[in-house]
Asker: 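Take a look at the following structure, please.
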Amino acid sequence: MVTPETEVVECDILICGGGMAGCGAAHEAAYWAKAKGLRVVMVEKAAVERSGAVAMGLSAINCYMGMKWGENQPEDFVHYVRQDLMGLSREDLVYDIARHVDSSVHMFEEWGLPIFKTADGRYKREGRWQVMIHGESYKPIVAEAAKKALGEQNIYERIFISHLLLDKNDSGRIAGAVGFSVRDPKIYVFKAKAVICAAGGATQVFRPHAVGEGLGRIWYAPWNTGSVYKLMIMAGAEMTQMEHRLVVARFKDGYGPVGMWFLLFKAVLKNAYGEEVEKKWADLLKEWLPYGGGKPIPTPLRNHQMIRDHLEGNGPHYLRTDEALQAMFAQVQNDPKKLREIESDAWEDFLDMTMSQALLWASENVDPAKVPSEVVLTEPYLMGSHASGTGAWVSGPEDIAPKEYFWGYNRMTTVRGLFAAGDGVGGSAHKFSSGSYTEGRLAGKAAVAYIYDNPQAVEAESDRVEEVKKALFAPLEVYEKTRPLTTRGQVNPDAFGPKQALLRLQKIMDEYCAGQGAGYITNAPTLKRGLELLHMLRDDLSRLAASDLHELLRAWEVWDRYYCAEAHMRHMLFREETRWPGYYYRGDFPKLDDANWKCFTVSRFDPEKSEWVLSKKPYVALIP
Ligand code: SFD
Ligand code: AMP
């Protein structure tokens, strides 16, 4: 095995992840850092131009207030998010994004992102919060601005950040990060006074619908493996709402999003017998008051209705694209030009953001104007930017955060100098692409302010750096050592590969942690057994073998997902309540319990003792 070389990179601010939040952080931090000559570096595991959840593009910007046209105010958005999250949001964070998000979207347009317009020059709305874009090149546009702001010399691509480093004199303070190149045998040690964690959410912690050759065909980005959570957990940062998750309705097998179909085309979800799911199960919502009585129906409760209908044996479920499009065609009196426009919007929805769905429809001879398409619920994802709020417990903004939520710098975690943004921040859902970018900007500006106030040098423990460097390439060594025991790489008495480990993790999560295969239900004994199995897997992970650098990346991605899985299970065990039916059910606590659980769950992993401590933090309503 070749000995990897090490490069040490000195900077002031390190941004981990070059997705939406990372690019926002880069653009903003670079601006404020200039005055003091601070160096801002961004590290990305892929290539910033096409990385992260927006790599393929998007067909809508799902978080836009439209304040310049008086469409919505930040207060309205707080009410919406509160309702959708069944009462529990960090409203200071939600408000903060809402008041700044429009300016981010206006910059995207200035940089060349085409946004649909109405006849009077407004952005065309798909729904109350969503605007439609021709967004195939959304990510390259945002990436270009970030790269220009930072300078090419400050962007490190194809490097996977695996560990954060803490200050040798103060274990509550950040000092940098370590990563490795996914192309060359090379380790990077980044030394920084502030670190912004913006490495996306976590997919494939659970067994997806498609396995075998279709394993990577999921809705959220398969390369978002939960690094953002693992990095912060292992650094001892407090995490919140790690029991929360996202389960959404998606077109079957292609995982095409449904928002545009529901909101713009007014398509209706019906069961195999032509019954409207939402109408048929309207009474079910009364069991979940007050949230069940509000509008819109919270995302988990929409799922809950669909699950109930499925359990009654009424599947498959179909989104009636045929009826919706025919109704729209009738409205334009079958004018061929207008008809083509509607059709082209319908196809562009997928061609801009989930091409596989358009390909699947084409290959199955599906004309959405003539036949309906099957819809199913996804496996769970851990993320903080869609209708879910998993992530770090961070300080809110100085001017509006209540005292319980403020400790100095906006979006700083409980580790000093460590900031988070996008999927990495918990308790503040519905940011989507634009809100994640905006949160990156907020974290970027705050990180510069933190360094202005804390200019003194930090230094990582040199023994720790050596320990991490040794661990990083260990899976290659395991492979070399164990290879003679077998004639076939993947089958070995003393080692196993990343894919085998991933499948084992997904099986545990699906069966014990309320995965889609288990009907999204679990209870304390099941979770406890799941944790036992998870710990057995952890013990075996020291025998992970990687045959090349690509597998080495996959091996470390298994560790990311492992930590996400453990945090998720522990939080679910802690919250003795079913708060979000349709996301998951605690069979032993099947009801909403506002008296005891209208609060945030918070965990801290002590890396020294390998111990998790869970606690509650209060929910504070910001706006009546
Ligand atoms: O409707 C490391 N999203 C949508 N947002 C919208 O605004 N409109 C839509 O139409 C959206 N839809 C949608 C969306 C996503 C996907 C996949 C589809 C459809 C098919 C959601 C947004 O995309 C999402 O909210 C934001 O992108 C979140 O931002 P952020 O920055 O938290 O995550 P990221 O953009 O994925 O970036 C993460 C980056 O980190 C890198 N990375 N780098 C170094 N080291 C490591 N260890 C790393 N681990 C990860 C990643 O490569 C990436 O670049 S709809 O369906 O919801
Ligand atoms: P999706 O395409 O499902 O990711 O959703 C895109 C946007 O539309 C998000 O803001 C969703 O919360 C919203 N959305 C999707 N379906 C519905 C629905 N049936 N009712 C209200 N909002 C929805």
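Values reported hereafter were calculated over all heavy atoms of this structure, with side chains retained and with hydrogens, waters and symmetry mates removed. Start at 1 and go down the list; that is how both ligands and their atoms are numbered.
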Asker: Any heavy atom of His163 sitting closer than 4.0 Å to ligand 1?
Answerer: no
Asker: Which of the atoms in ligand 1, numbered in the order shown and given with their element, are less than 4.0 Å from a heavy-atom of Ser227?
Answerer: 46 (C), 47 (N), 48 (C), 49 (N)
Asker: Do the side chains of Arg50 and Glu44 get close enough for a salt bridge, i.e. N-O under 4.0 angstrom?
Answerer: no
Asker: How far is atom 4 (C) of ligand 1 from its nearest protein heavy atom, and which residue and atom is that?
Answerer: Leu58 CD1, 3.6 Å
Asker: I need the nearest protein heavy-atom contact for atom 34 (P) of ligand 1: residue, atom name and distance, please.
Answerer: Ala53 N, 3.8 Å
Asker: Determine, for Lys45 against Glu157, whether the closest basic-nitrogen to carboxylate-oxygen distance falls under 4.0 angstrom.
Answerer: no
Asker: Go through the steps to decide whether Met67 and Gln73 satisfy the test side chain to side chain contact (heavy atoms under 4.5 Å, CB included), and finish with yes or no.
Answerer: CA-CA 6 Å; Met67 281 190 277; Gln73 293 305 319; 3.9 Å; yes
Asker: Indicate, as side chain, backbone, both or neither, the part of Lys431 found under 4.0 angstrom from ligand 1 when only non-hydrogen atoms are considered.
Answerer: neither
Asker: Is the contact between Phe432 and ligand 2 made by the side chain, the backbone, both, or neither, using heavy atoms and a 4.0 Å cut-off?
Answerer: side chain
Asker: Do me a favour and list the nearest non-hydrogen protein atom to atom 39 (C) of ligand 1 with residue, atom name and distance?
Answerer: Gly19 N, 3.5 Å
Asker: Return yes when Ile159 approaches ligand 1 closer than 4.0 angstrom through a heavy atom, no otherwise.
Answerer: yes
Asker: So Ser388 and Tyr381, do their side chains get closer than 4.5 Å, heavy atoms only?
Answerer: no
Asker: Considering only heavy atoms, which of Arg302, Arg250, His386 lies nearest to atom 14 (N) of ligand 2?
Answerer: Arg302
Asker: Does an N or O from Gly259, backbone or side chain, lie closer than 3.5 Å to an N or O of ligand 2?
Answerer: yes
Asker: Quick test: of every protein heavy atom, which one is nearest to atom 6 (C) of ligand 2, and how far off is it to 0.1 Å?
Answerer: Asn62 ND2, 3.4 Å
Asker: Considering heavy atoms of the protein only, find what lies nearest to atom 42 (N) of ligand 1 and give residue, atom and distance to 0.1 Å.
Answerer: Lys45 CD, 3.7 Å
Asker: State the atoms of ligand 1, each with its element, that fall below the 4.0 Å cut-off from a heavy-atom position in Ala198.
Answerer: 38 (C), 39 (C), 40 (O)
Asker: Could you tell me the residue and atom name of the protein heavy atom closest to atom 1 (O) of ligand 1, and the distance to it rounded to 0.1 Å?
Answerer: Asn62 ND2, 3.1 Å
Asker: Flag this pair as yes if the NZ/CZ of Arg579 is under 6.0 angstrom from the six-membered ring centre of Trp288 and inside a 45 degree cone about the axis; otherwise no.
Answerer: no
Asker: We want to know whether Arg217 and Ser356 form a side-chain donor-acceptor pair, criterion being a heavy-atom distance below 3.5 angstrom.
Answerer: yes
Asker: At what distance, to the nearest 0.5 angstrom, does CG of Asp309 lie from CD of Glu275?
Answerer: 6.5 Å
Asker: Work out whether the distance between some heavy atom of Gly259 and some atom of ligand 1 is less than 4.0 Å.
Answerer: no
Asker: In Å and rounded to the nearest 0.5 Å, what is the CE to CG distance from Met132 to Leu263?
Answerer: 11.0 Å
Asker: Can you find a pair of side-chain heavy atoms, one from Val415 and one from Met232, that are under 4.5 Å apart?
Answerer: no
Asker: Numbering the atoms of ligand 2 from 1, which are under 4.0 Å from a heavy atom of Gln130?
Answerer: 7 (C), 8 (O), 9 (C), 10 (O), 13 (C)
Asker: Measure the distances from the heavy atoms of Cys16 to every atom of ligand 1 and state whether one is below 4.0 angstrom.
Answerer: no
Asker: Just verifying a value: how many Å separate His79 NE2 and Arg82 CZ, rounded to the nearest 0.5 Å?
Answerer: 4.5 Å
Asker: Tell me the protein heavy atom at minimum distance from atom 15 (C) of ligand 1, and give that distance in Å.
Answerer: Tyr220 CE1, 3.7 Å
Asker: What is the nearest protein non-hydrogen atom to atom 22 (N) of ligand 2, stated with its residue, atom name and distance?
Answerer: Leu263 CD2, 3.6 Å
Asker: Closer than 4.0 Å to some heavy atom of Tyr80 - which atoms of ligand 2 meet that?
Answerer: 12 (O)
Asker: Closer than 4.0 Å to some heavy atom of Met353 - which atoms of ligand 1 meet that?
Answerer: 10 (O), 12 (N), 19 (C), 20 (C)
Asker: I need the atoms of ligand 1 closer than 4.0 Å to a non-hydrogen atom of Val54, numbered in the order shown.
Answerer: 23 (O), 27 (O)
Asker: Below 4.0 Å from ligand 1: does a non-hydrogen atom of Ala60 turn up there or not?
Answerer: yes
Asker: Is any NZ, NE, NH1 or NH2 atom of the basic residue among Arg158 and Asp184 found under 4.0 Å from an Asp or Glu carboxylate oxygen of the other?
Answerer: no
Asker: Which is it for Tyr437 and ligand 1 at heavy atoms under 4.0 Å: side chain, backbone, both or neither?
Answerer: neither
